[in-house]
Amino acid sequence: PLRDAVPIIEMIASALSAAHQRGIVHRDIKPDNVFLISRGHTRNFVKVLDFGIAKVGGASSKLTKTGMVFGTPHYMSPEQAAGQSVDARTDIYALGVIMYEMFTGKVPFDGDTFMGILSKHMFEQPLPPSQVKGAGLGAIEDVILKALSKKQEERYQSMGALVADLDTISSAGVVQIGGRGGAPRGNLADPR
């Protein structure tokens with residue numbers, strides 16, 4: 001349900017934002033690296049794990065150069081799939097894939113081969129989640145699709161910007177995504 005999913009997404013974004021502020025890009029965000037635990041009175045507290053292939057900004061490394069591909073293919077950004085330079089927006093794309101999967105039960109791109117999946121990330125547009133699920137997600141769908149933009153400059157530029165839109169939706173406010181405004185949608189009080 002939205003009311004459970006959105007706080008989880010916001011905690012993932014918050015953890016990644018803290019890493020990004022320190023110049024660290026995770027590069028392998030996927031459900032296997034997001035653990036939900038109980039912490040105090042908080043059920044589904046998020047822990048983001050496995051920074052094993054993280055890229056530290058400004059660090060020169062013989063292990064991670066442009067042209068090398070690291071990560072899990074289903075969650076790779078187009079620039080990561082192409083072996084280009086990555087930044088915080090790479091993790092935003094991966095979070096977009098996780099959100100898509102949370103609400104549809106499927107990743108946006110699948111294939112028979114590693115390269116087939118990477119090619120889809122680079123060149124195909126994802127099917128809108130509502131067409132996969134068969135029901136509208138309201139403004140949450142707009143957030144997911146913006147996070148999954150092929151071009152880095154069209155994605156959210158920070159996790160904070162993504163969370164701000166989620167907060168607006170949560171409070172049943174009007175959210176403007178991709179230059180278009182709309183009526184309030186995606187009320188989190190709705191248990192669906």
Side-chain angles (χ1 to χ4, degrees), residues 5 8-20 23-36 46-57 59-134 137 140-159 161-162 178:
I8 291 170
I9 295 164
E10 288 181 339
M11 282 188 273
I12 297 169
S14 176
L16 291 171
S17 180
H20 295 163
I24 299 169
V25 179
H26 191 289
R27 298 195 307 175
D28 197 24
I29 293 300
K30 58 187 177 184
D32 290 351
N33 290 336
V34 176
F35 278 39
L36 301 178
V46 170
K47 287 193 161 255
V48 175
L49 306 175
D50 196 3
F51 281 79
I53 67 166
K55 179 180 181 204
V56 179
S60 67
S61 169
K62 293 179 181 174
L63 297 176
T64 58
K65 295 184 185 267
T66 301
M68 298 184 81
V69 177
F70 292 93
T72 304
H74 289 99
Y75 302 89
M76 281 188 181
S77 67
E79 64 274 8
Q80 190 176 11
Q84 299 171 348
S85 294
V86 300
D87 59 25
R89 296 170 295 186
T90 295
D91 289 343
I92 291 168
Y93 184 92
L95 181 57
V97 175
I98 289 173
M99 290 187 292
Y100 190 102
E101 189 174 12
M102 286 175 80
F103 294 111
T104 67
K106 300 176 183 186
V107 291
F109 304 111
D110 201 2
D112 294 333
T113 65
F114 184 87
M115 286 308 298
I117 297 166
L118 297 186
S119 293
K120 289 179 181 182
H121 279 293
M122 291 186 289
F123 303 113
E124 289 185 21
Q125 291 302 319
L127 193 62
S130 59
Q131 291 182 26
V132 174
K133 185 179 178 187
L137 294 171
I140 294 287
E141 181 167 289
D142 296 334
V143 171
I144 293 168
L145 292 174
K146 181 171 180 173
L148 289 175
S149 293
K150 299 291 180 200
K151 296 179 181 177
Q152 290 171 297
E153 61 275 7
E154 293 176 3
R155 261 180 240 148
Y156 287 100
Q157 298 302 293
S158 70
M159 289 291 180
L162 187 149

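Residues E101 and P31 have side chains in contact (heavy-atom distance under 4.5 Å, counting atoms from C-beta outward). For the pair I24/H20, no side-chain contact is recorded, criterion being any heavy-atom separation below 4.5 Å from C-beta on. The closest side-chain heavy-atom distance from L49 to V34 is not below 4.5 Å. Contact check for F109 versus M76: no side-chain heavy atoms found under the 4.5 Å cut-off.
Residues P108 and L148 approach most closely at CG-CD1, 4.3 Å, considering heavy atoms. Closest non-hydrogen pair, A147 versus M99, comes out as CB-CE, 4.0 Å. A pairwise comparison of heavy atoms in I117 and D110 identifies CG1-C, 3.9 Å as the closest pair. Closest of all the heavy-atom pairs between M122 and A81 is CG-CB, 3.9 Å.
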Q) Would M102 and I8 satisfy side chain to side chain contact (heavy atoms under 4.5 Å, CB included), going step by step from the backbone distance to the final call? A) CA-CA 10 Å; M102 286 175 80; I8 291 170; 4.3 Å; yes

**Q.** Verdict with supporting geometry, N33 and H26, side chain to side chain contact (heavy atoms under 4.5 Å, CB included)
**A.** CA-CA 10 Å; N33 290 336; H26 191 289; 3.8 Å; yes

Q. Does the pair F103 and I140 meet the rule for a side chain to side chain contact (heavy atoms under 4.5 Å, CB included), with working shown?
A. CA-CA 9 Å; F103 294 111; I140 294 287; 3.6 Å; yes

Q: Let me see the working for L16 and I29 under side chain to side chain contact (heavy atoms under 4.5 Å, CB included), right down to the final yes or no.
A: CA-CA 9 Å; L16 291 171; I29 293 300; 3.4 Å; yes

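Considering OG of S17 and CE of M11, their distance stands at 15.0 Å, rounded to 0.5 Å. Note that NZ of K133 is 10.0 Å distant from CD of E141, once rounded to the nearest 0.5 Å. The CD1 atom of I144 sits 9.5 Å away from the CG atom of L95 when rounded to the nearest 0.5 Å. Atom CD of residue E154 and atom CG of residue L145 lie 12.5 Å apart, to the nearest 0.5 angstrom.
Side-chain atoms of Y100 come within 3.5 Å of backbone N or O of L127 as a donor-acceptor pair. K150 places a side-chain N or O within 3.5 Å of a backbone atom of E124 that can act as its donor or acceptor partner. Here the side chain of T72 pairs no donor or acceptor atom with the backbone of H74 at under 3.5 angstrom. No side-chain donor-acceptor contact under 3.5 Å links Q80 to the backbone of V86. Of the possible polar contacts, one joining the Q157 side chain to the Q152 backbone as a donor-acceptor pair under 3.5 Å is found.
Looking at S130, P129, P128 one by one, the single match for side chain to side chain contact (heavy atoms under 4.5 Å, CB included) with L137 turns out to be P129.
Applying the salt bridge (charged side-chain N to carboxylate O under 4.0 Å, His left out) rule to pairs touching residues 72-91 yields E79-R155, D87-R89, sequence neighbours excluded.
Residues satisfying the ring-ring contact (aromatic ring centres under 6.0 Å, His included) criterion with Y93, sequence neighbours excluded, are H121.
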